[in-house]
Amino acid sequence: MATAPKEAANAIALEEIHTEGQEPPKGQKTFTVEEAVETIGFGRFHIALFLIMGSTGVAEAMEIMLIAVVSPLIRCEWQLQDWQVALVTTMVFFGYMVFSIVFGLLADRYGRWKILLLSFLWGAYFSLLTSFAPSYIWFVFLRTMVGGGVSGHAQGLIIKTEFLPTKYRGYMLPLSQVFWLAGSLLIIGLASVVNPTIGWRWLIRIASIPGIILIMVFKFIPESARYNVSTGNNTAALATLQRIAKMNRAAMPEGVLQEPPKERRGRFKDLLHPKYLRTTLQIWIIWLGIAFAYYGVILASAELLERDLGCTSRSPLSENPGPVSEESHSPCYCRPFGPSAYRTMIISTAGEIALNPLNILGINFLGRRLSLCITMGCTALFFLLLNICTSSAGMTGFLFMLRALVSANFNTIYIYTAEVYPTTMRALGMGTSGSLCRVGAMVAPFISQVLMSASFLGALCLFSSVCVVCAISAFTLPIETKGRALQVFKTPCSISPLT
């Protein structure tokens, strides 16, 4: 490691020599952002980045999981039918789908940090308004707007990915699942206390607090250096890298920061370029299927608990009407969660981190593609196992494992998508994938909350079949990103099949 005087002299020299768009003198050493990130290494900056950007998962989980714990109460208050309850979740993800593409385009053009801040301001504002919704229609509209705001939170993952050294991405990004788990457990715990006492409206107000707090700490996180060089703003990128090096007590590489000429950024047609077409289409299929399975599990868990859908109630109602209460026959039945239902939700939700150690090992040793193929295949199997007639403890165990597997699926595809695209289109790639993801999430409520009531086995077979398709798509992805440096520009060598 260089001495402090040498580092200071080197930094001054870098600033004096560097001018944007100018070639360095012949023989002058140069370095790229990728080389600087690898040279600086992992340190205190990355820990702070992990805590702040990871906490966006807490806010996002609370807003998304909120619907599962509020649905029984709004069903009672507004006498809603099954399809109306399902429509709430569908519209949340419709808002997410539409704004995910918009925020992805804007983030590639104007910066990740600005869009992340905008999305949190947007989400917090409409979330607070939701708590004052006077009717079902207003509730649906305002939650749709919240979904739009939450879609921008993915920029936090992109910022983390673009600052992390290659060998740490496969370890630190899956650990971010801890924050989503914390948010999910927090909203369920709060619901068990707040819903029976002061009501669901106060639960929504309390759930918006983490997002408001995060808005205040975003100023400590800089704009992505990779984004800055992609726009030609090498001065800002250099300043950011020097700040990180100082915080990590590490030396900068010697020479001048130099990247290839900038290209147009955030163009949708680039995702469908022949070099990316197959990868993009298969990623979209996987995202759609993973979200379909993930939110299907969450909503199916709530539906099983709300209706007490045990073995005796899975057959058609006309064949075995006895064990099912007359109230549950009504399309507008009203049955709020009890303490045991909240406990079961907490236990199954805790499963989201159960496979994290194995998921991290799989991602880093088996690779992203094979790891995802295995977890998707196991997800398909456990969906079918839900049809086994078992005790409530057995059902909780199956739900626990399903939550663990679908969480592992999300971990892997998030990492893969962030790694496979170059900087000039990374946010757009994540944004369009997020939109397709929400298509699956929009369909899931009608399977978990409507079809499952009519045909339990039919719903499970549908979920399982989709997971099998995703497993095949994952196994046949043309690129393996394990150990692969993040690509900055779309050069002919940006994609090397089976690397």
Side-chain angles (χ1 to χ4, degrees), residues 2 6-43 45-46 49 53 105-117 155 158-166 169 218-267 270 418-419 421-429 484-494:
K6 183 177 178 181
E7 290 179 26
N10 187 40
I12 294 173
L14 285 171
E15 292 179 348
E16 290 177 346
I17 292 173
H18 173 73
T19 56
E20 291 183 29
Q22 179 179 333
E23 292 293 327
K26 189 174 181 180
Q28 172 70 53
K29 290 183 178 180
T30 64
F31 64 90
T32 64
V33 173
E34 179 71 27
E35 292 167 343
V37 169
E38 297 297 330
T39 300
I40 294 169
F42 186 86
F45 168 80
H46 297 92
L49 177 72
M53 292 293 96
L105 284 166
L106 293 176
D108 277 334
R109 291 174 182 265
Y110 302 107
R112 286 81 161 101
W113 188 91
K114 293 176 184 176
I115 299 306
L116 183 63
L117 179 62
Q155 301 310 315
I158 294 176
I159 290 175
K160 280 189 295 182
T161 302
E162 294 183 340
F163 276 125
L164 279 171
T166 302
R169 291 201 303 264
F218 280 159
K219 63 180 180 181
F220 297 107
I221 299 300
E223 178 58 88
S224 167
R226 296 179 193 269
Y227 166 77
N228 283 329
V229 297
S230 76
T231 64
N233 191 359
N234 286 11
T235 301
L238 181 61
T240 296
L241 293 170
Q242 289 172 341
R243 172 186 168 187
I244 297 172
K246 181 179 179 180
M247 193 169 178
N248 285 5
R249 298 175 183 174
M252 286 281 292
E254 294 183 1
V256 178
L257 176 62
Q258 186 71 21
E259 294 280 2
K262 66 180 180 178
E263 303 180 16
R264 291 186 63 183
R265 294 160 282 114
R267 297 185 300 175
D270 292 335
E419 290 177 335
Y421 291 116
T423 301
T424 51
M425 52 194 286
R426 185 169 296 122
L428 179 59
R484 179 175 179 262
L486 290 182
Q487 308 299 299
V488 180
F489 299 104
K490 303 185 292 298
T491 61
C493 59
S494 290

Q: Please determine which of Val33, Leu257, Val256 meets the side-chain contact (heavy atoms from CB on, under 4.5 Å) test together with Leu238.
A: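 It is Leu257; the other options fail the test.
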Q. Quick one: which of Ile115, Leu117, Leu116 gives a side-chain contact (heavy atoms from CB on, under 4.5 Å) with Trp113?
A.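 Only one option passes, and that is Leu117.
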What are the two closest heavy atoms between [X] and [Y], and how far apart are they?
X	Y	value
Ala251	Thr39	O-CG2, 3.8 Å
Pro253	Ala36	CG-CA, 3.6 Å
Met425	Tyr421	CE-CD2, 3.8 Å

Could you check if a side-chain atom of [X] sits within less than 4.5 angstrom of a side-chain atom of [Y], using non-hydrogen atoms only?
X	Y	answer
Phe42	Asn248	no
His46	Pro165	yes
Val37	Arg226	yes
Met252	Ile40	yes
Glu223	Thr240	no
Phe218	Met53	yes

Quick check for you: to the nearest 0.5 Å, what is the distance between [X] atom [atom1] and [Y] atom [atom2]?
X	Y	atom1	atom2	answer
Ser224	Glu162	OG	CD	3.5 Å
Lys246	Gln242	NZ	CD	10.5 Å
Glu35	Thr30	CD	OG1	7.0 Å
Phe220	Leu49	CZ	CG	14.0 Å

Q | Sequence-distant partners of Thr166, side-chain hydrogen bond (donor to acceptor under 3.5 Å, both in side chains), two or more places apart | A |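 Here the qualifying residues are Glu34, Glu38.
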**Q.** Partner residues of Phe45 under the ring-ring contact (aromatic ring centres under 6.0 Å, His included) criterion, sequence neighbours left out
**A.**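 Phe163.
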